[in-house]
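To start, the structure itself, in structure tokens.
Just follow the structure's listing: the first ligand is 1, and inside any ligand the first atom is 1.
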Amino acid sequence: MKKATKLLALLLSAIMLTSVLTACGSDAAATEGQDTTQAVDTETDAAADTQADTAEGGTLTFGTNAEFPPFEFVSANGVIDQYDGIDMAIAKKIAEDNGMTAAIENMEFDSLLIALQNGQIDAVIAGMTVTDERLEAVDFSTPYYTATQVMIVKEDSDIAKAADMADKKICVVQGYTGEVCVQEMGYDYEAFKKGTEAVMELVNGKCDVVVIDSATAQKYVDDNEGLKIVEDPDAFESEEYAIAVQKGNTELLDKVNASIEAMLADGTISELGVQYTEETSAE
Ligand code: ARG
């Protein structure tokens, strides 16, 4: 039953792309990334760096941080090299739709936008939430997934809402929107490099709560005994994942958007959501 509920929730979140996007009260200009007909108003020549090989027959290099199941993780038989997950399947399809081959550069989450700005990668696909701050640095595609921050706690925890974290030891992942949320709430916290590290801290009783994205949280709860998810929609607003490209790279953005919109319309993305939540929680 738990699984059925979870699948339904994922399915719904993949479809419900009309919701307003903010990252926990950061007041993001939600609809910006959603309107594909909107002209990109900042034209820079920074985009020129990577445009050369993003033509038919070329390689489309996506940056990711493969520490975020079910969106990206390392696996024996990934869809792009050793990289597997919903985002990796989406990246592969975007490249294929444009007669290109997808390549992945795996790096720290914090380095992704810098690598994009430097032209080291063509695009970022990393379960990355559109936020006002990030919109200052890069352009985002049409959102393809709606998520929210949740709290992972021990099954016997008395944390029932975000405010209950006030006197607790909070763990987050460095650079994730979850860190921004906790920061904005004014709580002290400890930041880890990886979600698994934060969850191990919780499992070992060294912290009381991990704040992280919903689908990834579900994966950790499935994989570790004695944990549960606590939601607080009043405290954590919905977030939307989108693909980032260099500011002004409308050529690539148009291609990415065309693929994303087709995958949303024909149900590919909701199917991937179902497929990867089943697979990753099978063990
Ligand atoms: N959605 C969150 C954010 O944008 C977390 C994304 C983490 N993604 C990853 N591939 N590690 O900050």
> CD/E231 to OG/S214 distance, rounded to the nearest 0.5 angstrom?
Replying inline: 7.5 Å

> Listing by chain and number, which residues have a heavy atom under 4.0 Å from ligand 1?
Replying inline: N65, F68, E72, F109, A126, G127, M128, T129, R134, G175, Y176, T177, D213, Y241

> Is the Y145 to F71 ring centre distance short of 6.0 Å?
Replying inline: yes

> Which pairs with one or both residues in residues 243-264 pass ring pair (Phe, Tyr, Trp, His ring centres under 6.0 Å), sequence neighbours excluded?
Replying inline: none

> Residues two or more places apart in sequence or in another chain: which of them pass salt bridge (charged side-chain N to carboxylate O under 4.0 Å, His left out) with D158?
Replying inline: K168

> Once the angle between the rings of Y176 and F109 is folded into 0 to 90°, is it parallel (under 30°), tilted (30 to 60°) or perpendicular (over 60°)?
Replying inline: perpendicular

> What residues, two or more places apart in sequence or in another chain, satisfy ring pair (Phe, Tyr, Trp, His ring centres under 6.0 Å) together with Y189?
Replying inline: none

